[in-house]
Each structure stands twice: as structure tokens, then as C-alpha cells.
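Here is the structure we will look at.
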Amino acid sequence: MGKTEKKIRAVKGMPDVMMPDIKIWQIVEETAKQVFSTYGYHEIRTPILEHTELFQRGVGESTSVVEKEMYSFVDQGDAALTARPEGTASVVRAYIESGQCTIDPLTRYYYMGPMFRRERPQKGRQRQFFQIGCELMNVESPFADAEVIAMADHFLRDVGIEGLKLELNSIGCPKCRPSYNSALVEYLESAKSKLCANCVRRLGKNPLRILDCKKAECNKIVEEAPRFSKYWCSDCVEHFDAVKKGLDSLEVEYTLNEFIVRGLDYYMRTTFEFTTDKLGAQNAVLAGGRYDGLVKELGGPDIPGVGFALGMERLVLLLQQTMKDSQIEDLIYFAVIGESARDAALPIMQILRRDGVRVEWDYAVKSLKAQMRRAAKLNAESVVIIGDDEISKGQAVVRDMRAGTQQEVRIKDLPMHFVDIGG
RNA sequence: GUGGCUGUAGCUCAGUUGGUUAGAGCGCUAGGUUGUGGUCCUGGAAGUCGAGGGUUCGAGUCCCUUCAGCCACCCCA
């Protein structure tokens, strides 16, 4: 390593994931695949880069994600591309492009992968962040909403998360939202002087967002604001009632929260968040909702959809608090002393590995003591000791690290010895 | 993009009103046992004190600039 060269660092907000955290990531991914497949979902892998227009139209031109957070660039062939800031738009694009709706009356997808948003990093938020999401296409039934939420709940339980709250809301549909919007704006205009500066700005752009402003001054005003529930059209009321009924049947507990508002334009009717109070400002671990207009918006037929996405980093932060790092089990450590011992041990180790036994050794020439120390540190269940004595006798010493006992085993018989015992 | 806090060994941090060769614990490593671990004891390696500039006889310590990290706003998973 040169002294004068600058260290190359990871890009801001794009950290490496390695041991011990990677263990938790793998458990989360495995659990997701397992649970989602029991509900009939299949994985879809879409590209990380898409045409910028996809997100402009799908996520919404005026959302802050599209306005100022996307990693967009023009490639060498003059194509305007963007590193996906979320997963749903890509999945819907693929769904349309493949003509899937003409092949199958309904389709269930799940995906996992990195997303990119250029925000200021903070707790539970990175610029490259990993999402696992699900999309259920072409089902209008409110029981689709309920089942999707129940599946999320099922997954969170299986992965070992505790203490999350499910908050549920409906943000109406294109039929009833405009009338609520204008009622809300009218009310807020009258109280404009008491709102925080941010909310005054939101008034013109995205009044719904004022509902979940955290400032105390705004909360007071919001408390008196007209309720969306009073403005729902009959279809929305009916739909929401059925979603709640579905959740009851599926035994999922929820609390209603009229202030759950999603920040992406495509959501309508059902919206939900699984929240925690243990992640500072980022309380949403998994969130989603229904997006019936999106497929059409992206040039497909008028087809409904419902889904969710979860933030891996946030989930892992929570799991770190409950999961102990898993100890390496079933490890056989080879302590070899001298070159002839090493040469005798190498083929044995390889046979064991081919049988699925986990084997490690130290490549350097080290004292037996040092090798034993390392074996203990790795929590090996057994250590095979081979030195010149063992070579001449044809017998290795096998030490049981838990019991502290040891026995002699013929070197030739070592594979059988461990395969039989360890399974 | 806007604020606040923090940058001293791989990690967690001490470093007194600026004063000689920069410290501890953990970790790593070697020994205490001709070839036997998790406890204990002893040694060792490892830091251009985030970077650049300034004040001073002298700066880890004071001033300026800059970079990075963390947290919050905004927004979202």
C-alpha cells in the first residue's frame, strides 16, 4: 500500500454489508421466499436501470422522489436512464410488456433488490437501500388487500420481528378524493396562519401530507380538519369495510389511522404501514397499498394492483436488537503440525467437505496452541489433531471441544467418523 | 438542499490551563506448557491524532477552511 495514494472509499450512503449482518440479511431473504411462495407468489427480477420516463409517469412528476432524489443520467447512446428509486413501477412495466394479463387472469410477483434515492443518509435510510416487495396484479377484490397485508404480517412474524403496529387507512379513489381535497384545502386555508412554514408550502402542492406533519402546531389544526372517512364514496366505503372484514377473518390486528398518507402518486384506497418506535424518525418498516390506476398510467390496460415493500436495512436494525449472532455449529477444525501432516490432512478435509461437513484450518504454520485457540474462538465442535506422531501411527487425535475429551481415530476412517456422527 | 453533533490504533474511547519519544481496554499476534482451546499472566505489532492552512519557541489541544460520519428537517421502505 502506498502512503501517498488516497484511500478509495465507498460512495456516501452506500455501505457494504458483511458478517455479521449478512447472516440476518440471508435469513430475511430466505424467510421472504419461503412465506411468499406459500401464497403463490413467484420471483421477478427486473433491471436496476429503467427509462427515466417510467418513474416520472409511474411514481409521479411532483413527488419529491422524482423531483430531486433520482440517480438519472444520459448514457452513451443518449438514452435517459434512472437507477430505480422503488420497485413497483418496474414490476408493472414488466407485467405490461410481457402481456402477462392476457396469459393469466391474475399474477403474483415478489422481488428483492437495491433501490436508489439521493437523500441525506440517516438512521434507517441509505442512498442505496434494499427492498423486498410483493405485487398482486389484476384482482379488484378487497380480499386481495386483506391477504396481501396478512402475508406481510405472516412474514414479519416468521422473521422474528416483535412489537410492530399495523396502521390502516383508505385514501379514497379518483371519484371521491377531489371533493375531500378541496374540503381539506378550504379548511386549511382558513387556518393557514397557524401552520408551520412547510405545511403552508404543502397546501398548494400536496395538502394530504399536512395530515401527518409531526409539528405540534399543525397537529392541533389537523385534529379539527375534515375527515376523509366522511367523504369516501360508497364504493370506497364498501371496499374498506370488506378489507377490514378480511383482516378479521385472517386474524390480523390493525389500528385505523386516518393520517397514513403515502408519498407516491399511484396509491389509492387501501394504504397501510407496519410501524415501530425503535428506529428514530423512520417508523415505517413495511408499507404499501392499492394502486388501481398505475397499469393504465403506464400504458397498459385498466388493471388493478395491490402490494407492499419492506426496507431491509430497517428490518435488520430491528432484528439486531433481538437476534444474537448465530454461532458456527458443526465445525470441524483441523490442527496440523508440519508439512507431512498437512499433506495427509488436505485430502481428508476435502472428502469431508464433499460430504457437506464444514471444515476449516489455518493455512499458516502455527503452534498447536494457536490453532486450538482459533478453533475455540470459532466454536468448533471438534478438532482433528495431526502431527508427526499421528502420521507414523496412522491415528489422528480427535478432540471434542465441548466435552474436553479426546480419542484416537484412524486417519483413513476420519470421513466416516464425522459423517456418521455429524450427519 | 437546510440544521445540530462528532472525527486520536481494526473497534470503543482517555488525553489535565497548548510543553519532551501519543495512552488504555477489547481485538490481533507471540510466549508462559517437546504438540492441546475458551480463564489467568507476560511480551509484540499497529496511529502522518480526518485533511489542508494559520497563530506560537512549541498544536492532538487555539483559529480558519475542507472532507467524512452520525442524528434531525424534508421525504420515504
Side-chain angles (χ1 to χ4, degrees), chain A residues 3-4 6-7 9-13 15 59-60 62-69 85-88 112-133 152 196-199 201-202 205-206 209 212-215 260-264 267 272-276 279-289 307-318 327 333 335-338 341 362 364 366-391 396-406:
Chain A
K3 300 175 191 173
T4 52
K6 253 188 256 165
K7 256 188 222 161
R9 312 171 46 93
V11 176
K12 186 189 194 80
V59 177
S62 68
T63 59
S64 72
V65 169
V66 171
E67 257 181 8
K68 50 185 184 179
E69 293 173 5
E86 60 104 45
T88 301
M112 44 185 73
M115 308 296 163
F116 302 83
R117 304 220 279 242
R118 199 178 184 292
E119 304 175 87
R120 235 6 213 281
Q122 66 188 75
K123 192 180 185 69
R125 169 192 294 169
Q126 301 292 345
R127 287 181 172 184
Q128 174 174 328
F129 58 103
F130 197 96
Q131 284 193 334
I132 300 179
C196 73
N198 264 324
C199 285
R201 191 173 47 78
R202 286 168 174 143
K205 223 169 91 180
N206 197 350
R209 284 237 76 89
D212 69 351
C213 180
K214 287 157 195 151
K215 296 251 161 57
I260 294 286
V261 181
R262 317 271 53 240
L264 309 181
Y267 286 112
F272 61 94
E273 289 182 2
F274 285 84
T275 59
T276 176
L279 288 183
Q282 268 61 243
N283 62 347
V285 177
L286 184 157
F308 66 79
L310 70 93
M312 177 69 94
E313 288 80 1
R314 293 180 187 178
L315 200 56
V316 169
L317 282 173
L318 291 177
Q327 295 180 316
Y333 199 88
V336 297
I337 308 147
D362 197 311
K366 279 190 180 166
S367 68
L368 179 59
K369 177 184 191 147
Q371 297 185 66
M372 293 301 290
R373 274 191 179 148
R374 180 151 176 84
K377 196 191 151 197
L378 294 175
N379 201 27
E381 75 173 35
S382 297
V383 177
V384 175
I385 301 168
I386 304 178
D388 291 339
D389 293 353
E390 285 75 19
I391 295 291
V397 173
V398 175
R399 182 174 177 83
D400 182 323
M401 296 295 274
R402 310 279 154 73
T405 57
Q406 51 191 49

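All values below come from the heavy atoms of this structure, side chains included, with hydrogens, waters and symmetry mates left out. Remember, predicted model here, so these are calculated numbers, not experimental data.
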Taking only the [atom1] atom of each, what is the distance from [N] to [M] in whole angstrom?
N	M	atom1	result
B:rC73	B:rG60	C1'	34 Å
B:rC28	B:rU65	P	43 Å
B:rG31	B:rU16	C1'	37 Å
B:rU12	B:rC62	P	22 Å
B:rG37	B:rU29	P	15 Å
B:rC64	B:rC26	C1'	37 Å
B:rA30	B:rU39	P	16 Å
B:rA24	B:rA9	P	14 Å

Give a yes/no on whether any side-chain N or O of [X] is located under 4.0 angstrom from OP1 or OP2 of [N].
X	N	result
A:Gln122	B:rC71	no
A:Lys366	B:rU29	yes
A:Lys377	B:rC28	yes
A:Ser367	B:rG31	yes
A:Arg9	B:rC67	no

Please give the nucleotide sitting opposite [N] as a Watson-Crick or G-U wobble pair, both distances under 3.5 Å, or none.
N	result
B:rU17	none
B:rG52	B:rC64
B:rG58	none
B:rG4	B:rC70
B:rU39	none
B:rG25	B:rC11

So, does the side chain of [X] form a donor-acceptor pair with the base of [N] at under 3.5 Å?
X	N	answer
A:Glu390	B:rG35	yes
A:Arg373	B:rG38	no
A:Gln406	B:rU36	yes
A:Lys369	B:rG32	yes

Would you mind reading off the distance between [X] atom [atom1] and [N] atom [atom2], rounded to a whole angstrom?
X	N	atom1	atom2	value
A:Met112	B:rA77	CE	P	18 Å
A:Asp362	B:rU36	CG	P	17 Å
A:Gln126	B:rC71	CD	P	8 Å
A:Ile337	B:rU36	CD1	P	9 Å
A:Ile391	B:rG35	CD1	P	16 Å
A:Gln282	B:rA72	CD	C1'	10 Å
A:Ile386	B:rU36	CD1	P	17 Å
A:Leu318	B:rA77	CG	P	16 Å

Distance in Å, [X] [atom1] paired with [Y] [atom2], rounded so as to fall on 0.5 Å steps:
X	Y	atom1	atom2	value
A:Leu310	A:Ile132	CG	CD1	5.0 Å
A:Leu315	A:Met312	CG	CE	7.0 Å
A:Glu313	A:Leu279	CD	CG	11.5 Å
A:Leu368	A:Ile385	CG	CD1	5.0 Å
A:Gln128	A:Arg118	CD	CZ	14.5 Å

I need the minimum non-hydrogen distance between [X] and [Y], along with the two atoms involved.
X	Y	result
A:Ala396	A:Glu390	CA-CG, 3.8 Å
A:Arg262	A:Ala287	NH1-CB, 3.6 Å
A:Thr276	A:Gln282	CG2-O, 4.5 Å
A:Tyr333	A:Ala380	CB-CB, 4.0 Å

When you match A:Pro121 and A:Glu313 each to their closest nucleotide on RNA chain B, which lands nearer the 5' end? A:Pro121
By nearest-nucleotide position on RNA chain B, the 5'-leaning member of A:Phe129 and A:Met401 is A:Met401
What's [X] touching, base or sugar-phosphate or nothing? Going by heavy atoms closer than 4.0 Å.
X	result
A:Leu286	sugar-phosphate
A:Ala287	sugar-phosphate
A:Gly288	nothing
A:Ala370	sugar-phosphate
A:Gly124	base
A:Arg399	base
A:Leu315	nothing

Selected nucleotide, minimal atom distance to [X] side chain, candidates [options]:
X	options	result
A:Lys12	B:rG69, B:rA77, B:rA72	B:rG69
A:Arg120	B:rC71, B:rA77, B:rU2	B:rU2
A:Ala376	B:rA30, B:rG38, B:rC71	B:rG38

